[in-house]
There are 2 protein chains.
Amino acid sequence: MEKLATRGRPREFDTDVALAEALRLFWQKGYEGTSLTDLTDAMGITRPSLYAAFGNKETLFRRALDLYEKDKLAYIGEAVEAPTARAVAETLLLGSVDVATGGECRGCMGVISMVGCQSVEPSIRDDVNARAESAKQLIVDRMQRAIDAGEFAVPTSATAITRYLLALMQGISVQAQSGASRSELLEVAESALLSWPSR
Amino acid sequence: MEKLATRGRPREFDTDVALAEALRLFWQKGYEGTSLTDLTDAMGITRPSLYAAFGNKETLFRRALDLYEKDKLAYIGEAVEAPTARAVAETLLLGSVDVATGGECRGCMGVISMVGCQSVEPSIRDDVNARAESAKQLIVDRMQRAIDAGEFAVPTSATAITRYLLALMQGISVQAQSGASRSELLEVAESALLSWPSR
DNA sequence: GCTTTTCCATACCTATAGGTATAGAACTTT
DNA sequence: AAAGTTCTATACCTATAGGTATGGAAAAGC
């Protein structure tokens with residue numbers, strides 16, 4: 001990905017560290033709310049260095065999303081490995097609480113980007129929506145397997161139960177952003193799990 | 001609220017119409033995503049007219065929020081009048097689907113503002129959060145009455161069940177923004193109601 | 001009809017946005 | 001050590017942001 005130069009003066013900063021810092025900013029302030037000055041200040045590099053290393057603001061944002069998915073959304077991939085639909089739901093809900101309240105950044109960056117980037121350049125919006133869609137598909141497929149296995153008492157559809165779960169996760173993110181505590185959000189997850197419709 | 005001038009040349013535009021147009025824009029593009037040029041173009045007035053009529057962008061936004069609450073969030077006030085907690089939940093969930101997919105603007109403006117204004121001037125953020133908090137309190141009080149009336153089978157708390165409901169409504173809004181259809185969102189509401197924990 | 005008040009239109013202000021040209025310094029390879 | 005790269009620093013570019021000064025036109029009250 002990174003064309004690592006063998007000749008010439010080597011880069012003086014660590015792109016991984018810089019990218020992590022960019023992620024922090026985009027997560028906290030959103031794509032449009034984060035200016036290049038914010039970025040270069042926090043990353044400790046100058047404007048031309050940023051452009052040489054990352055192209056432009058949009059590709060930097062995409063790289064930050066990549067890092068976010070890898071570091072923070074791993075729980076989704078793990079969740080769909082769980083043995084039952086109920087266990088999947090539990091992992092997803094608790095995972096979203098963890099991400100939304102675990103660090104210094106509140107809420108899920110995906111949700112923040114989905115809500116905040118609808119009026120932004122289509123290329124970014126489409127990218128964000130596509131990422132969300134592929135995560136959704138993972139869960140839909142898993143839920144379909146659970147339905148086929150007869151796990152659900154009430155008749156339902158894989159897409160319906162998935163959208164229901166995602167709605168809760170998204171709501172958890174929204175509330176985390178407006179200041180809800182970890183324990184308050186765990187109550188939300190528990191409420192959902194208490195009346196979860198599969199055995 | 002509006003100091004209506006008796007002397008001098010009367011205003012040539014209808015402030016209510018103009019405000020409705022401003023609401024549309026803020027709803028679609030968010031506070032920061034809506035520029036004064038966007039506003040004046042859509043409202044059909046000039047910049048000084050906007051400032052004379054509404055003060056500045058921030059107060060215009062607050063006025064738009066007022067209008068939004070009055071026109072679009074009335075269902076919340078109606079919901080808490082419903083006879084049972086289950087009926088309250090049903091009214092809230094279906095109402096949020098209606099608002100999120102009813103017109104040309106997708107999602108709930110409150111959610112959009114909560115997510116989009118966290119990094120914006122504190123005065124706006126605090127206002128948005130306060131509005132959300134007061135709506136929440138309405139539901140908490142109603143749920144407490146339902147608990148006191150013994151409506152819930154499973155032991156729960158008014159704040160937990162309220163946050164759970166709000167999470168669903170917020171998730172519905174997020175999904176509406178990223179393109180979910182009305183019928184898809186109705187599935188979310190139905191999924192929640194099918195396993196609603198009160199009789 | 002005159003005065004006064006308020007409106008609208010144009011043009012402008014400062015600050016900041018994202019992005020880049022230029023030039024010199026620093027490092028690697030040969 | 002010299003040559004060849006690629007870095008960083010500074011300064012700048014254009015576009016747009018929110019907001020305002022100014023002047024002339026229009027409608028009300030007297």
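Each chain gets a letter, A, B and so on, in the order the sequences are listed, and its residues count up from 1.
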Mind calculating the distance between [atom1] ([X]) and [atom2] ([N]) to the nearest angstrom?
| X | N | atom1 | atom2 | result |
| --- | --- | --- | --- | --- |
| A/F54 | C/dG18 | CZ | C1' | 17 Å |
| A/K57 | C/dA17 | NZ | P | 9 Å |
| B/F13 | C/dC8 | CZ | C1' | 10 Å |
| B/L50 | C/dC8 | CG | P | 11 Å |
| B/I124 | D/dG18 | CD1 | C1' | 12 Å |
| A/E12 | C/dA26 | CD | C1' | 8 Å |
| B/E121 | C/dT16 | CD | P | 13 Å |

Donor on one side chain, acceptor on other, A/R47 and A/T37, under 3.5 Å
yes
Classify the side-chain pair A/N129/A/E133 by whether it contains a donor and acceptor separated by less than 3.5 Å.
no
Phosphate OP1/OP2 of C/dC8: any B/T46 side-chain N/O under 4.0 Å
no
OP1 or OP2 of C/dC7 sitting under 4.0 Å from any side-chain N/O of B/S49?
no
So if I take residues 34-43 of chain B and measure heavy-atom distances to DNA chain D, which residues fall below 4.0 Å?
B/T34, B/S35, B/L36, B/T37
State whether [X] and [Y] are salt-bridged, where the test is any N-O pair (Lys NZ or Arg NE/NH1/NH2 against Asp/Glu carboxylate O) under 4.0 Å.
| X | Y | answer |
| --- | --- | --- |
| B/E187 | A/R163 | no |
| A/D66 | A/R131 | yes |
| A/K72 | A/D98 | no |

Given [options], identify the nucleotide with an atom nearest to the side chain of [X].
| X | options | answer |
| --- | --- | --- |
| B/Y51 | C/dC8, D/dG19, D/dA28 | D/dG19 |
| A/R47 | C/dT20, D/dG19, C/dT10 | C/dT20 |
| B/R11 | D/dG19, C/dC7, D/dA27 | C/dC7 |

Below 4.0 angstrom, which residues in residues 21-28 of chain A have at least one non-hydrogen atom near DNA chain C?
none
Approximate separation, where rounding is to 0.5 Å, of B/L193 CG and A/Y164 OH:
9.5 Å
How are the rings of A/W27 and A/Y68 set relative to one another: parallel (under 30°), tilted (30 to 60°) or perpendicular (over 60°)?
perpendicular
Which label fits B/F26 and B/Y31: parallel for a plane angle under 30°, tilted from 30 to 60°, or perpendicular past 60°?
parallel
Using a 4.0 Å heavy-atom cut-off across all strands, classify B/P48 as base, sugar-phosphate, or nothing.
base
Taking every heavy atom of B/R145 against every heavy atom of B/V80, the minimum-distance pair comes out as NH2-O, 3.8 Å
